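Report on one structure; see the data block that follows.
Remember, it's a predicted structure, so these values are computed and weren't measured experimentally. We name chains A, B, ... by the order of the sequence lines, and we start the count at 1 in each one.
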Amino acid sequence: MSPEQLIIEKVKGAIHALYGADVPQSSIQTQATRREFDGDITAVMFPFLKISRKSPEQTGEEIGAYILEYSKEIESYNVIKGFLNLKFSGQYWLKVFEKISTTQTWGEHKQSGRTVMVEFSSPNTNKPLHLGHIRNNLLGSSVSRLLEANGHRVIKVNLVNDRGIHICKSMLAWKKSKLGETPANTGIKGDHLVGKYYVEFNNILKQEIEELKKSGVEESEAEKNAPVLKEAQEMLVKWESGDKETVELWRTMNSWVYDGFDITYKRLGISFDKTYYESDTYLLGKQLVSEGLKRAVFFKKEDGSVWCDLSQEGLDEKLLLRADGTSVYITQDLGTAQQRFEEFRFDKHVYVVGNEQNYHFQVLKLLLKRLGYSWYDTIYHLSYGMVELPEGKMKSREGTVVDADDLMDAMINTAKETSLELGKLENMSQNEQEQLFNMLALGALKYFIIKVDPKKKMLFDPKESIDFNGNTGPFIQYTHARIRSILRKASEQSIEKSITGANLNEKEIEIIKRLNIFPDKIKEAGDELSPALIANYAYELAKEFNQYYHEISILRESDKELIAQRLMLIDVISGILTRAAAILGIELPERM
RNA sequence: GGUUCGGUAGCUCAGUUGGAUAGAGCAACAGCCUUCUAAGCUGUGGGUCGUGGGUUCGAAUCCCGCCCGAAUCACCA
């Protein structure tokens with residue numbers, strides 16, 4: 001039972017004994033006592049005044065006195081205004097500490113028997129991954145681990161958008177260049193090479209539009225009628241009709257991209273249980289639409305296109321099939337969702353997709369509901385805000401993006417410079433050093449991105465991201481390295497760690513309280529699908545340790561029992577930090 | 001215009017089911033390395049929590065109006 005739950009029981013009992021009334025558990029409000037007051041848990045007295053018919057102070061006094069008399073866990077109490085502050089005994093916290101330290105899986109929850117599918121990443125194959133994708137990937141993978149820690153069976157899936165006009169654009173520009181460039185003959189990473197030709201296409205397009213405008217064509221017309229765009233559209237038709245040459249080129253260029261993506265995913269520490277390709281799924285859903293049409297859930301317009309009227313829900317009409325009978329994005333998503341449900345019978349399906357698609361998912365759920373699927377509400381759109389740069393938004397067409405690979409390289413460089421400056425690596429081999437730089441750089445990047453509430457748009461300031469001081473990933477890594485260093489020294493001197501029953505100081509109790517709420521944090525973060533809560537938790541814990549570190553000398557104490565107990569405490573801290581970091585995907589070094 | 005989401009210190013962000021004097025980091029300033037790692041610690045300054053009402057013993061938090069910003073409302077994906 002948590003301290004808060006315990007206090008709720010006690011207060012309930014006290015009110016029953018003192019005033020002969022039963023109050024619902026929900027009316028008993030507790031919170032951690034604020035630092036400036038003496039106590040651990042605070043109960044709010046205001047809701048009970050009608051029952052006690054006394055002042056807030058007097059009510060608090062009476063309840064406090066009663067609890068003190070009948071509870072061995074409570075050491076003292078005080079009342080300030082309507083707040084009853086209760087203080088647990090050191091013995092109580094020692095027991096809590098013992099429980100945490102003997103529970104190997106502290107923070108992990110029992111198997112829930114629920115299956116959760118998480119779709120994330122979902123890249124286009126016409127360009128390399130950029131900062132926005134990094135946020136998506138980091139969110140998706142940390143949310144997956146968070147759900148696993150909550151005992152769910154998690155299936156991570158990726159839906160690769162490998163077909164459509166965008167990839168034709170890259171293909172066309174590549175073909176036109178007649179250079180025959182490949183990753184092998186240029187040494188360029190596959191996704192970057194294809195991305196290069198996507199930018200090239202847009203350059204050609206821009207040029208053609210300019211020329212058309214010079215010859216007197218309106219801008220909007222020029223944008224629609226540029227020859228190169230027509231060519232790309234023709235290419236898409238060729239692809240859809242299975243034209244051998246086009247399909248061959250498409251396969252080749254996509255394979256370059258996949259090789260490139262694999263490298264980036266690996267660096268980011270990301271994997272999937274199943275990968276779907278849109279070229280396989282884009283026709284799915286037509287069946288659903290025609291059934292909906294039969295049952296008059298949808299309707300057909302004169303030109304033959306199929307729509308759903310969502311005006312009742314405050315939305316517009318939504319297109320489901322084009323006049324020529326081909327399917328659109330949402331048709332595909334309807335089919336995919338249904339297929340996945342048949343296959344996995346998930347209890348929840350999380351889509352990690354940017355907030356520019358809020359409307360899309362609103363519609364998707366509504367359509368599934370209209371079609372009569374009872375599981376429509378298990379679909380959850382984890383919508384995250386855009387990543388912006390100090391100069392404004394990123395635009396991949398104009399090449400003003402922060403490339404994922406470049407960014408990681410830059411951060412590894414900074415990690416190297418910073419580490420060498422601080423000069424702590426004398427005893428490390430070249431190989432170990434490289435590993436450390438990599439760990440620090442990715443730790444910094446991951447923490448920087450994950451610590452922000454997913455809903456909010458975030459600003460990525462390169463200057464700030466490479467700062468390894470303060471509320472950062474490297475701070476947590478540093479804290480861990482410090483702890484491991486102490487434990488190494490203790491082990492060299494054969495000092496045992498154990499819980500001896502020595503008195504705990506205030507800071508230690510504070511730390512134990514924080515360790516104690518770790519399982520609740522995991523639960524809360526899992527319910528809200530917000531790894532940011534775990535990031536902040538880890539930071540607070542690390543900060544508390546650093547303060548503790550400066551207050552006392554763990555190994556220089558004369559009392560052997562005290563040393564043993566303190567070693568045990570920091571060992572537990574290191575374990576929890578490691579577990580929290582694992583959820584965030586951050587590796588912690590043994591030394592740095 | 002409709003829908004959705006944001007607005008907290010100069011900047012980047014936290015803020016538990018509504019609770020006490022709203023917190024971190026960065027930046028600025030002042031201290032702390034003969035001691036287990038100074039990527040650290042301590043202190044100072046910095047706030048009409050967008051705004052106006054309402055509910056309540058009590059509001060950054062809940063409700064309503066307004067202001068500002070973002071995304072979206074395609075026979076693109």
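- When the C1' atom is compared between B:rA22 and B:rC67, the two are found 24 Å apart, to the nearest whole Å.
- Put simply, NZ on A:K424 and CZ on A:R591 are 13.0 Å apart, with the number rounded to the nearest 0.5 Å.
- Between A:K456 and the phosphate of B:rG7, there is a side-chain N or O to OP1/OP2 separation shorter than 4.0 Å.
- Cation-pi check for A:K300 over A:W307 is not met; the charged atom does not lie both under 6.0 angstrom from the ring centroid and within 45 degrees of its normal.
- Heavy atoms of A:F83 sit under 4.0 angstrom from at least one base atom.
- Phosphate contact (OP1/OP2 of B:rC36, side-chain N/O of A:S485, threshold under 4.0 Å): absent.
- Using N1 to N3 plus N6-O4 or O6-N4 for Watson-Crick, or N1-O2 and O6-N3 for G-U wobble, each under 3.5 Å, B:rC29 pairs with B:rG43.
- Side chain of A:I165, nearest nucleotide from B:rU37, B:rC76, B:rC41: B:rC76.
- Ring pair A:W239/A:Y282 is tilted by interplanar angle, where 30° to 60° counts as tilted.
- Across B:rA60 and B:rG23, the matching P atoms stand 13 Å from one another, rounded to whole Å.
- In this structure, A:F468 has its ring center no closer than 6.0 Å to that of A:F475.
- Looking at A:N126, its side chain never comes within 3.5 Å of a backbone N or O of A:Y198 through a donor-acceptor pair.
- Between B:rU55 and B:rA14, the two P atoms lie 32 Å apart (nearest whole Å).
- OP1 or OP2 of B:rG40 has at least one side-chain nitrogen or oxygen of A:N469 nearer than 4.0 Å.
- With a cut-off of 3.5 Å on both Watson-Crick or G-U wobble distances, the partner of B:rG1 is given as B:rC73.
- No donor-acceptor distance shorter than 3.5 angstrom exists from the side chain of A:S494 to the backbone of A:A490, with no hydrogens or angles considered.
- Taking for each of A:I330 and A:I80 the nucleotide of RNA chain B with the nearest heavy atom, the 5'-most of the two is the partner of A:I80.
- Under the 3.5 Å distance criterion, with hydrogens and angles disregarded, a donor-acceptor pair is assigned to the side chains of A:R482 and A:N546.
- Between A:Q547 and A:R556, the residue anchored closer to the 5' end of RNA chain B is A:R556, taking for each the nucleotide with the nearest heavy atom.
- For A:N85 against B:rA20, a side-chain N or O and a base N or O form a donor-acceptor pair under 3.5 Å.
- Donor-acceptor pairing under 3.5 Å, judged by distance alone, is present between the side chain of A:T42 and the base of B:rA20.
- For the residue pair A:R484/A:S574, the side-chain donor-acceptor check at 3.5 Å is satisfied.
- OP1 or OP2 of B:rU21 has at least one side-chain nitrogen or oxygen of A:K81 nearer than 4.0 Å.
- A:S419 comes within 4.0 angstrom of a base, heavy atoms only.
- Because its glycosidic torsion is within 90° of 0, B:rC33 is reported here as syn.
- Scanning atom types as modelled, no donor and acceptor separated by under 3.5 angstrom connect the side chain of A:S383 and the base of B:rA71.
- Comparing B:rG25 with B:rC41, their C1' atoms are spaced 15 Å from each other, to the whole Å.
- Using atom P as the reference point in both B:rG50 and B:rA59, the two lie 15 Å apart (nearest Å).
- Rounded to whole Å, the C1' atom of B:rC57 lies 37 Å from the corresponding atom of B:rG10.
- The side chain of A:S305 has B:rC75 as its nearest neighbour among B:rC75, B:rA39, B:rA14.
- Rounded to whole Å, the C1' atom of B:rU4 lies 41 Å from the corresponding atom of B:rA39.
- The nucleotide B:rG52 finds its pairing partner in B:rC64, both defining distances of the Watson-Crick or G-U wobble pair being shorter than 3.5 Å.
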Pull out every protein N or O sitting under 3.5 Å from an N or O of nucleotides 22-24 of chain B, one pair per line with the distance.
residue : atom : partner : partner atom : Å
B:rG23  : OP1  : A:R34   : NH2          : 2.8
B:rA24  : O2'  : A:Y539  : OH           : 3.1

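- Contacts between residues 308-326 of chain A and RNA chain B, defined by a heavy-atom separation below 4.0 Å, involve A:G314, A:D316, A:L319, A:R322, A:A323, listed by number.
- The gap from the C1' atom of B:rU48 to that of B:rG1 amounts to 33 Å, rounded to the nearest Å.
- In this structure, A:R482 reaches the B:rA38 phosphate: one of its side-chain N or O atoms is under 4.0 Å from OP1 or OP2.
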